[in-house]
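Scroll down for the structure; my scribbles are underneath it.
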Amino acid sequence: PSRSLQQSPVDDTSRKALSEIAFAFDIDGVLYQGSRAIPGAKEMLRKIRSHDIRYVFLTNGGGSHEDAKFKSLSKRLGLSEDEDVIRNRVILSHTPMRGWDESVKKQGTVLITGSHPEIARRVANEYGFARAVTPADIIEANDKVYPFDNLRESLHRDKDVPANQLKIDQILVWNDPRDWSLDIQVIHDLLISHRGYLGTISDKNGNAQLPNNGWQQDGQPQLWISNLDLLWKTEYPVNRFGTGAFVEALKGVWAASTGGAELQFSALGKPSRHTYEYAHDRLLHHAPEEPHGKGEEKKPLRRVYMIGDNPESDIRGANEFAPADGTEWVSILVKTGVWKETAAEREPRYKPTVIVDDVVEAIAWAMRNEG
Ligand code: G3P
Ligand code: MG
């Protein structure tokens, strides 16, 4: 690339200052756009690593294993070497569920929706969820659940658990579903059920004497959505709809079918505090470059730079996050992703500390900021 990093400001910043800072890199729209790497990203990353600066990749992408995401990141950026060093730094939208209470994960059944059901189920099992079912399992057990032809051969080929008499305890929406229609139907059915038994209907629904008019008041499964991004950036010139668009569709159908009730759910992923806490903890425990992965010792931080392209998730989350240890999270917005300055929107709704062209400029700015 034309912008060589030989004279990078990274080199001018004192080692002590560098040992107290960290970077959180968003992936889509910051390190690459679809299959296209952002020029200079790879070299900048190398530079950061050679200076033992701590970093994580904090993405709202999901539906796969962290290692698989690392592999695709590494392929797109051409980072073939030192895989183990980078691997444990990938935090997906649902990665914080790894830290959920083990005993809760061992009880009951979760419904997982995501782009590739069989992968999602395997990852859920690896996270410790003892029993995970997908919409494919449900339709296999009773094809009356969905009265239309579905994507049986392509999407719903892999099935596992016979889902008759199914009781679901939690619903985890992990990432962009491919079959919105089936997923909305099944999630709706569970949210109107009696205690999560699929195919039942709660007699509390619509009861004006109860909170929320009785909706979601009868032991229905808790709904977790781990990515609220309405938009994300690929190589296509127009931003693409993300999992957040699915959530808007689900909210709309829920409001229409309940006479205006608001969908109750919990969120994970950026901008949720839980996700930033998880990333912060990961950064505190990371040995700079060796040994691989999580260090045992906690090393304090002074400042973390979140480099993102989406004001609603990356920037908002970093701005609102104030960890108890007093570390400052600084938000840097790049122009290679979701956000573009337009005549109508000169400034993003959630204002970053600074707006720069791309990830290379972002790191240069951070280094100047460190003096
Ligand atoms: O599905 C991925 C997308 O919503 C955002 O990914 O890396 O920009 O947080 P990222
Ligand atoms: Mg992004």
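Everything quoted here is computed from the prediction, not taken from an experiment. Keep in mind that the numbers below use all heavy atoms, side chains included, and drop hydrogens, waters and symmetry copies. Just so you know, ligand 1 is whichever comes first in the structure, and atom 1 is the first atom listed for that ligand.
- Among protein heavy atoms, the minimum distance from atom 7 (O) of ligand 1 is reached at Thr59 OG1, 2.6 Å.
- When the side chains of ILVMFWY residues are joined at heavy-atom separations under 4.5 Å, either directly or via intervening members, Val359 and Leu73 end up in a single hydrophobic cluster.
- Relative ring orientation between Trp180 and Phe246 is described as perpendicular, the plane-to-plane angle rising above 60° on a 0-90° scale split at 30° and 60°.
- For the Mg ion (ligand 2), the tally of protein N/O/S atoms lying closer than 2.8 Å stands at 3.
- If you look at Asn227 next to ligand 1, the close heavy atoms, those under 4.0 Å, all belong to the side chain.
- The protein heavy atom nearest to atom 6 (O) of ligand 1 is Asp28 OD2, 3.1 Å.
- For atom 4 (O) of ligand 1, the nearest protein heavy atom (residue, atom name, distance) is Asp229 OD2, 3.0 Å.
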Practice task
For Arg282 and Thr95, run side-chain contact (heavy atoms from CB on, under 4.5 Å): C-alpha distance rounded to whole Å, both residues' side-chain angles, the deciding distance at 0.1 Å, then the answer.
Solution key: CA-CA 11 Å; Arg282 189 67 82 85; Thr95 302; 4.0 Å; yes
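- A donor-acceptor pair under 3.5 Å is absent between the side-chain atoms of Gln185 and the main chain of Asp183, judged by distance alone.
- Using a distance-only test at 3.5 Å, with no hydrogens or angles considered, no donor-acceptor pair links the side chain of Gln170 to the main chain of Val110.
- With a 4.0 Å cut-off on non-hydrogen atoms, Lys270 touches ligand 1 through its side chain and not its backbone.
- Relative ring orientation between His280 and Trp329 is described as tilted, the plane-to-plane angle lying within the 30° to 60° band.
- Proximity annotation for atom 10 (P) of ligand 1: of Asp26, Leu31, Ile27, Asp26 comes nearest, heavy atoms only.
- Taking 4.5 Å as the limit, every side-chain heavy atom of Asp52 sits out of range of all side-chain heavy atoms of Leu18.
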Practice task
Determine, stepwise, if the pair Leu223 / Gln264 fulfils side-chain contact (heavy atoms from CB on, under 4.5 Å).
Solution key: CA-CA 7 Å; Leu223 173 62; Gln264 315 284 312; over 6 Å; no
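- Every heavy atom of Asn310 sits 4.0 Å or more from the atoms of ligand 1.
- In Asp176, the part holding a heavy atom less than 4.0 Å from any atom of ligand 1 is the side chain.
- Between the side chains of Asp229 and Ser313, a donor-acceptor pair is found at a separation under 3.5 Å.
- Counting only distance, with no hydrogens or angles, the side chain of Asn125 and the backbone of Phe129 share a donor-acceptor pair below 3.5 Å.
- Those atoms of ligand 1 that come under 4.0 Å of a heavy atom in Asn60, given as number and element, are 6 (O), 9 (O), 10 (P).
- Using modelled atom types, one side-chain atom of Ser74 and one backbone atom of Leu79 make a donor-acceptor pair closer than 3.5 Å.
- Near Gly61, the atoms of ligand 1 lying under 4.0 angstrom from a non-hydrogen atom of the residue are 1 (O), 2 (C), 6 (O).
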